[in-house]
Amino acid sequence: MSDTAGNPSPVNLRLPDGSVRTFDGPVTGTTLAEDIGPGLLKAALAIYVDGELWDLSRPIEKDSDVAILTKKDEAALDLLRHDCAHVMAEAVQELFPGTQVTIGPNIEDGFFYDFARDKPFTEDDLEVIEKKMHEIIGRDEAIEREVWDRNEAIDYFKKIGEHYKAEIIADLPDTETITVYRQGEWLDLCRGPHLPSTGKLGDAFKLMKVAGAYWRGDSKNEMLTRIYGTCWADKKQLKAYLHRLEEAAKRDHRKLGREMDLFHLQEEAQGSVFWHPQGYTVWLQLENYIRNRLKDAGYQEIKTPQLLDSKFWEQSGHWEKFRENMFVVPDEVPSTDEGAPIVSADARLMALKPMNCPAHVQVFKQGIKSYRDLPIRFAEFGCCHRNEAHGALHGLMRVRQMTQDDAHIFCREDQITSESVAFCDLLSSIYRDLGFPDFKVLLATRPDVRAGTDEVWDRAEKGLEEALNTAGIEFDYAPGEGAFYGPKLEFHLSDAIGRTWQCGTLQLDFVLPERLDATYIGEDGSKHRPVMLHRAVLGTLERFLGIMIEHYAGRLPLWLAPTQVVVATITQSFDAYAQKVVDQLEAKGMRVKIDLRNEKINYKVREHSHAKVPVILVVGQREMEQNQVSVRRLGSKDQTVVDLDTIVTELSTEAKMPQG
RNA sequence: GCUGCCGUAGCUCAGGGGUAGAGCACUCCCUUGGUAAGGGAGAGGUCGGAAGUUCAAAUCUUCUCGGCAGCACCA
């Protein structure tokens with residue numbers, strides 16, 4: 001090793017295979033790739049230097065472990081997507097001068113970039129922008145990293161009219177190095193790293209949609225115009241992604257709900273569901289299943305009022321913290337006088353309940369409770385109304401009239417852990433039964449707008465954390481996401497196509513028992529405050545049914561399917577036998593329909609398959625003679641001919657509601 | 001609520017300043033046929049609503065209601 005004065009020290013780079021390459025002095029990723037081979041040079045996108053991703057052009061000055069990143073690496077997607085966002089921004093600014101850039105992060109499957117422009121972009125602009133992007137990629141502009149002085153950067157962006165960028169830089173912490181990436185004539189503030197040139201991006205991208213988005217995600221700020229895009233390593237991946245979107249659209253519960261005749265919505269009852277016989281059958285199955293599980297877990301079911309006086313909601317704290325989401329009803333006989341207002345301005349106000357909890361406290365408060373009575377678990381399929389913003393409504397997933405599988409556990413502080421653990425067990429067992437074995441847990445802590453003192457919040461947050469630790473459940477934190485009266489656990493389940501949904505919740509509340517003065521008599525003979533656990537497994541039945549429809553793509557398990565079996569005849573000669581089959585199945589409590597129509601069997605099979613009926617039993621000459629049926633299961637082209645008695649037993653066993 | 005797009009028969013969609021179209025579904029007739037659409041005939045909308053421009057509006061303009069996507073909010 002020569003260390004002659006004036007000469008730089010050599011740099012040893014160790015490759016992933018363990019081999020080491022030595023260079024005379026600082027060396028870039030490009031040089032290294034070139035040194036290894038021309039194929040790699042062409043494929044190289046960036047380089048890991050001691051685990052950190054660097055630009056290829058950035059000199060490596062000391063001995064390091066390195067690995068060159070190519071499109072084959074999963075991690076390359078992040079790089080490609082972010083570069084794609086930059087190329088899009090360059091294209092936009094080239095096409096629409098005066099448009100300001102703001103932020104453009106990666107998201108799942110792609111990226112977006114928010115622009116500030118007087119006139120928002122429309123879908124028609126996307127095609128033009130995409131074309132320009134291909135042009136920029138064709139120009140193969142070198143992408144160069146530059147380190148700038150913070151104040152110079154702010155001045156520069158202000159000077160060129162990029163006020164949002166200037167604001168972003170001004171808000172960066174002092175410790176942050178300000179880096180700017182230049183590609184051709186265009187440059188943008190960015191942490192990097194980036195590809196060596198725009199040409200490396202390829203053509204596996206597509207601009208998807210435009211949308212409004214508030215600056216910094218705050219509805220008080222001005223609205224920017226956002227463009228969403230997707231970007232992949234190659235065309236094949238892009239195509240697969242677009243296919244995945246199509247498949248997801250086929251599962252849309254609004255579409256399936258119509259096709260399967262489960263429910264409908266109409267504008268006179270925005271956000272409230274009209275359940276049809278088929279859909280309500282599924283609802284009742286699910287509700288009864290939960291009812292059984294709760295009963296087995298020591299809950300008592302109750303029913304509480306829809307309309308309660310505003311004074312009551314003032315006391316509970318909802319009037320102050322939740323009123324903008326509540327439906328208010330005047331407690332007054334509406335005037336029928338012509339010209340007169342229907343209700344007077346000073347009418348006494350009632351409100352439709354947005355939550356069940358305060359009403360459950362009222363039931364708890366009837367009579368004197370001893371510490372020996374606790375825990376008391378009140379369950380209610382409570383129908384609640386919330387005045388959700390119009391833009392938030394979405395099929396069954398976001399409604400204004402909702403039915404929760406709600407319950408409140410009143411217990412002593414020393415029972416919090418065991419009750420929480422028991423709830424977690426119940427929830428995971430129910431999710432398993434319903435076909436959702438995977439879920440994640442978040443601990444949502446105190447929000448800005450809240451009731452109760454910090455001391456109470458400290459205790460509540462710690463209580464939930466302890467319960468999770470005792471139950472041995474892994475979790476993450478969701479800071480500031482708690483309810484206004486207490487912290488909560490959020491249970492997020494994963495569906496068949498990898499989406500997650502928050503359904504279950506467990507909320508610890510020291511505030512409401514205090515506000516509504518709930519007490520029990522302790523061992524010491526004096527009054528104590530119970531702790532209240534608010535909890536739901538499904539969340540709301542409406543939304544959970546929506547999730548299940550999409551999860552199963554309409555092909556519900558037999559016990560939930562609205563119509564479990566269709567008996568279809570080959571010709572009218574077998575009508576009587578078909579009716580006998582139906583009778584035997586119905587005698588076992590199965591939901592059966594008979595199809596005696598003057599149609600060919602092909603037609604009948606096709607129609608009932610589209611309607612997602614799990615089992616079609618075909619009867620003709622052969623079956624009638626042998627007292628058999630031909631069984632066709634949804635999703636299978638095979639048929640088996642089985643004795644009638646056998647299939648009745650088999651199906652009625654299979655259709656049993658799970659028992660945990 | 002905010003931004004953009006959309007609003008034609010039960011569903012999916014075409015059309016586009018001169019008195020509404022297709023496929024499926026529906027009704028009737030023929031057909032009685034073995035596992036994802038047999039054939040024929042018929043009925044059904046005044047084009048989300050209101051106002052305006054015009055000799056004439058579903059078609060253009062404005063307002064309004066609703067839907068969709070995203071944002072914000074959220075179960």
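Convention: sequence-line order gives letters A, B, ...; per-chain numbering from 1.
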- Message: Going by the rule side chain to side chain donor-acceptor pair (under 3.5 Å), which residues pair with A:Lys209 if we only count those two or more places apart in sequence or in a different chain?
- Response: none

- What residues form a side chain to side chain donor-acceptor pair (under 3.5 Å) with A:Arg555, not counting sequence neighbours?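 Here no residue qualifies.
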
Mind checking the [atom1] distance from [N] to [M]? Whole angstroms is fine.
N: B:G18; M: B:U61; atom1: P; value: 16 Å
N: B:U35; M: B:G40; atom1: P; value: 23 Å
N: B:A14; M: B:U62; atom1: C1'; value: 27 Å
N: B:U12; M: B:U19; atom1: P; value: 28 Å
N: B:U46; M: B:C11; atom1: P; value: 14 Å
N: B:G42; M: B:C55; atom1: C1'; value: 37 Å
N: B:A57; M: B:G1; atom1: P; value: 32 Å
N: B:G66; M: B:G23; atom1: C1'; value: 26 Å

- Task: Verify the neighbour count for atom CD of A:Gln266: are there more than 12 heavy atoms of other residues, nucleotides or ligands below 6.0 Å?
- Result: yes

- Task: Answer yes or no: are there more than 12 heavy-atom neighbours, outside A:Ile342 itself, under 6.0 Å from its atom CD1?
- Result: no

- For residues 496-508 of chain A, which residue pairs qualify under salt bridge (charged side-chain N to carboxylate O under 4.0 Å, His left out), counting only residues two or more places apart or in two chains? A:Asp495-A:Arg499, A:Arg499-A:Glu550

- Item | Of all pairs that satisfy salt bridge (charged side-chain N to carboxylate O under 4.0 Å, His left out), the ones with a partner from residues 392-408 of chain A, not counting sequence neighbours | A:Glu388-A:Arg398

Residues 432-444 of chain A side chain polar contacts: donor-acceptor under 3.5 Å, at least two apart:
unit_1: A:Asp433; atom_1: OD2; unit_2: A:Tyr289; atom_2: OH; d: 2.6
unit_1: A:Asp433; atom_1: OD2; unit_2: A:Arg293; atom_2: NH1; d: 3.0
unit_1: A:Asp433; atom_1: OD2; unit_2: A:Gly660; atom_2: N; d: 3.1

- Query: Which ranges of RNA chain B pair up as stems, where a stem means three or more consecutive Watson-Crick or G-U pairs with both distances under 3.5 Å?
  - Reply: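 Expected stems, ordered by start: B:1-7 with B:65-71, B:10-13 with B:21-24, B:26-30 with B:38-42, B:48-52 with B:60-64.
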
Extract from the structure each pairing of a protein N or O with an N or O of nucleotides 6-10 of chain B at less than 3.5 Å, listing the distance.
none

Taking 4.0 angstrom as the limit, do [X] and [Y] come out as a salt bridge?
X: A:Glu380; Y: A:Arg291; value: no
X: A:Asp595; Y: A:Arg597; value: yes
X: A:Glu246; Y: A:Lys250; value: no
X: A:Asp171; Y: A:Arg216; value: yes

- Message: Let me confirm one number: the NE2-CZ distance from A:His551 to A:Arg251, rounded to the nearest 0.5 Å.
- Response: 8.5 Å

- Which value, rounded to the nearest 0.5 Å, describes the distance between A:Tyr485 atom OH and A:Phe322 atom CZ?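 Answer for the OH-CZ pair, A:Tyr485 versus A:Phe322, is 8.5 Å.
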
Nucleotide [N], atom [atom2] - distance to [atom1] of [X] in whole Å:
X: A:Leu256; N: B:C11; atom1: CG; atom2: P; result: 16 Å
X: A:Lys604; N: B:U35; atom1: NZ; atom2: P; result: 14 Å
X: A:Asp125; N: B:C5; atom1: CG; atom2: C1'; result: 12 Å
X: A:Glu123; N: B:U3; atom1: CD; atom2: P; result: 17 Å
X: A:Glu127; N: B:G4; atom1: CD; atom2: P; result: 21 Å
X: A:Tyr577; N: B:U32; atom1: OH; atom2: P; result: 24 Å
X: A:Asp595; N: B:U32; atom1: CG; atom2: P; result: 18 Å

- Message: Contact list please: residues 612-626 of chain A against RNA chain B, heavy atoms, distance less than 4.0 Å, in numerical order.
- Response: A:Val618, A:Gly620, A:Gln621, A:Arg622, A:Glu623

- Query: Along nucleotides 69-75 of chain B, 5' to 3', which nucleotides get a B, which get an S, and which get a -, given that the test is a protein heavy-atom distance under 4.0 Å?
  - Reply: SBBBBBB

- Task: Look at the side chain of A:Arg597 and decide which nucleotide, out of B:C5, B:G34, B:C26, has an atom nearest to it.
- Result: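 Of B:C5, B:G34, B:C26, B:C26 is nearest to the side chain of A:Arg597.
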
- Ignoring the backbone of A:Lys600, work out which of B:G38, B:U32, B:A36 is nearest its side chain.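 Nucleotide nearest to A:Lys600's side chain: B:G38.
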
- Item | Sequence neighbours excluded, every pair satisfying ring-ring contact (aromatic ring centres under 6.0 Å, His included) that has a member inside residues 100-125 of chain A |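 Output for this query lists A:Phe96-A:Phe121, A:Phe112-A:Tyr228, A:Tyr113-A:Phe115, A:Phe115-A:Phe121.
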
- Item | A:Leu224 vs A:Ile601, nearer the 5' end of RNA chain B by closest nucleotide |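 Nearest-nucleotide comparison on RNA chain B picks A:Leu224.
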
- Task: Fit a plane to each ring of A:His394 and A:His253, take the angle between them on a 0 to 90° scale, and name the class: parallel (under 30°), tilted (30 to 60°) or perpendicular (over 60°).
- Result: tilted

- Hey, what's the ring geometry for A:Tyr431 with A:Phe544, parallel, tilted or perpendicular (30° and 60° as the breaks)? parallel

What side-chain donor-acceptor pairs closer than 3.5 Å can you find for residues 476-483 of chain A, not counting sequence neighbours?
unit_1: A:Tyr477; atom_1: OH; unit_2: A:Glu465; atom_2: OE1; d: 3.3
unit_1: A:Tyr477; atom_1: OH; unit_2: A:Glu465; atom_2: OE2; d: 2.8

- Could you go step by step and tell me if A:Gln285 and A:Tyr280 meet the side chain to side chain donor-acceptor pair (under 3.5 Å) rule? CA-CA 8 Å; A:Gln285 286 298 112; A:Tyr280 196 55; over 6 Å; no

Would you tabulate the nitrogen or oxygen pairs shorter than 3.5 Å linking the protein to nucleotides 22-25 of chain B?
unit_1: B:A25; atom_1: OP1; unit_2: A:Tyr603; atom_2: OH; d: 3.0

- Query: Base, sugar-phosphate alone, or nothing: which one does A:Thr225 contact when heavy atoms must sit under 4.0 Å apart?
  - Reply: nothing

- Message: For B:U32 and A:Asn598 - does any side-chain N or O of the residue sit under 4.0 Å from the phosphate oxygens OP1/OP2?
- Response: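 No.
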
